[in-house]
Amino acid sequence: MPEPALSLESLLSDLEARARERIEAASTREELEAVRIEALGRKGTLAQVSKQLGSLPAEERARIGRLLNAVKQDLEQRLAARLAEFERRELEARLDAEWLDLTRPAPGPRPGSLHPITQLQYEIEDLFTSLGFTVLDGPEVETEYHNFDALNIPPDHPARDVQDTFWLVDGHLLRTHTSPVQVRGMEKFRPPLRMIAPGRVFRNEEVDASHEHTFYQVEGMMIDREVSVAHLIYFMKVLVNHIFRRETEVRLRPGYFPFVEPGFELDLACLVCNGRGCPVCKHTGWVEMLGCGLVHPNVLRMSGIDPEEWMGWAFGLGLTRLAMMRYGLDDIRWFQSGDLRFLRQF
Ligand code: DAH
């Protein structure tokens, strides 16, 4: 009976050829496992062939048996080799994805920097301390007395208007300027007195490119036996030239502030547009930089200083405005934005 042996032989070689092809074509472990079960599993095609061995003559049985074992071994080796290849590739992919270069220098710490307004404030403090002034601090929540009354601002003055002032329910207010620190300075120290007071002030303003509800000022005051407008102008020029590090164009106009007499406003040629006109200078070419004047006798008197014996000058500087000028900024809102793209430039 050579017939069945022949067909078993060709069945085996067909089977082997197909299994080899599928092992080659497999692209996942699952596909490979499916081939293994189908060919080599307990109910697989090789097992079925081996069941038929019993019906063969002894000689054929031995021959086909060897052939069957050879096919089985060959397929097992191929499966194992292919599986090893998959594993190697998976490992490579993982190593690639999780690659870490331990020899690379670590990124250094990113240093912070002082806010541009703080930087400017420190410069002004340095200048004035070098001129014999003391730097004073005052509360942001103030009494109506210190913010208004003691500065000779009468109760019906428009500066007290609810539109400008943030009033607290208990009758206190958020200081609308740094001038109340003048009063606190006079209350605490006896003349002669030279002080500046930088700080944050608040006004109930509609916010736009040139108005903020929160901004910074520096107050300055000098009280002595004999001071004059000439002194005042001299100090203001020193201040402006120091900040801009050059001779800067300014203009002085009469200005009204209840706490000084005479009072002036000092304008700075707009450095954002070089006097051509822009939103910062409201298209005038000039920016109000500070108010100043000789301290009103009433103000001295209310703080217990005899105006017959002492006199003084004072100024209030818009620090935020000044920072805008210095850095050529046309929008005041950047300062409070907390935007790191802005802050990292300083
Ligand atoms: N306090 C004023 C303001 O906020 C500025 C000012 C003007 C302060 C004249 C002064 C001064 O000390 O003398 O507008």
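Note that ligands are numbered from 1 as they come in the structure, with each ligand's atoms numbered from 1 the same way.
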Query raised in the report: Any sub-3.5 Å donor-acceptor pair from Thr165's side-chain atoms to Trp167's backbone N or O?
Result: no
At less than 4.0 angstrom from any non-hydrogen atom of [X], what atoms of ligand 1 do you find?
| X | result |
| --- | --- |
| Ala314 | 12 (O), 13 (O) |
| Gln182 | 12 (O) |
| Glu219 | 8 (C), 10 (C), 12 (O) |
| Gln217 | 3 (C), 4 (O) |
| Ser179 | 1 (N), 8 (C) |
| Val260 | 13 (O) |

Query raised in the report: Hey, is Gly263 one of the residues with a heavy atom under 4.0 angstrom from ligand 1?
Result: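 For ligand 1, residue contact (heavy atoms, under 4.0 Å) with Gly263 is absent.
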Find out whether [X] and [Y] are in side-chain contact, i.e. whether some heavy atom of one side chain is under 4.5 Å from a heavy atom of the other.
| X | Y | result |
| --- | --- | --- |
| Pro198 | Val135 | yes |
| His213 | Glu206 | no |
| Leu173 | Phe148 | yes |

Query raised in the report: Under 3.5 Å between some N or O of ligand 1 and some N or O of Thr176?
Result: no
Query raised in the report: side chain to side chain donor-acceptor pair (under 3.5 Å) between Asn204 and Asp164: does it pass, once the steps are laid out?
Result: CA-CA 5 Å; Asn204 197 348; Asp164 294 326; over 6 Å; no
Requested in this report: Would you mind telling me if ligand 1 is within reach of the side chain of Trp313, the backbone, both or neither, using heavy atoms under 4.0 Å?
Outcome: neither
Query raised in the report: So which bit of Arg203 gets within less than 4.0 Å of ligand 1, heavy atoms only: side chain, backbone, both or neither?
Result: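 It is the side chain that gets close, since no backbone atom is under 4.0 Å.
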Query - Shortest protein contact, atom 5 (C) of ligand 1 (heavy atom only) - result: Gly316 CA, 4.0 Å
**Report entry** Residue, atom name and distance, where the atom is the protein heavy atom closest to atom 9 (C) of ligand 1
**Finding:**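 Going by distance alone, atom 9 (C) of ligand 1 is nearest to Gly291 C, 3.2 Å.
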Query - Member of Tyr327, Phe335, Trp334 meeting the ring-ring contact (aromatic ring centres under 6.0 Å, His included) criterion with Phe346 - result: Tyr327
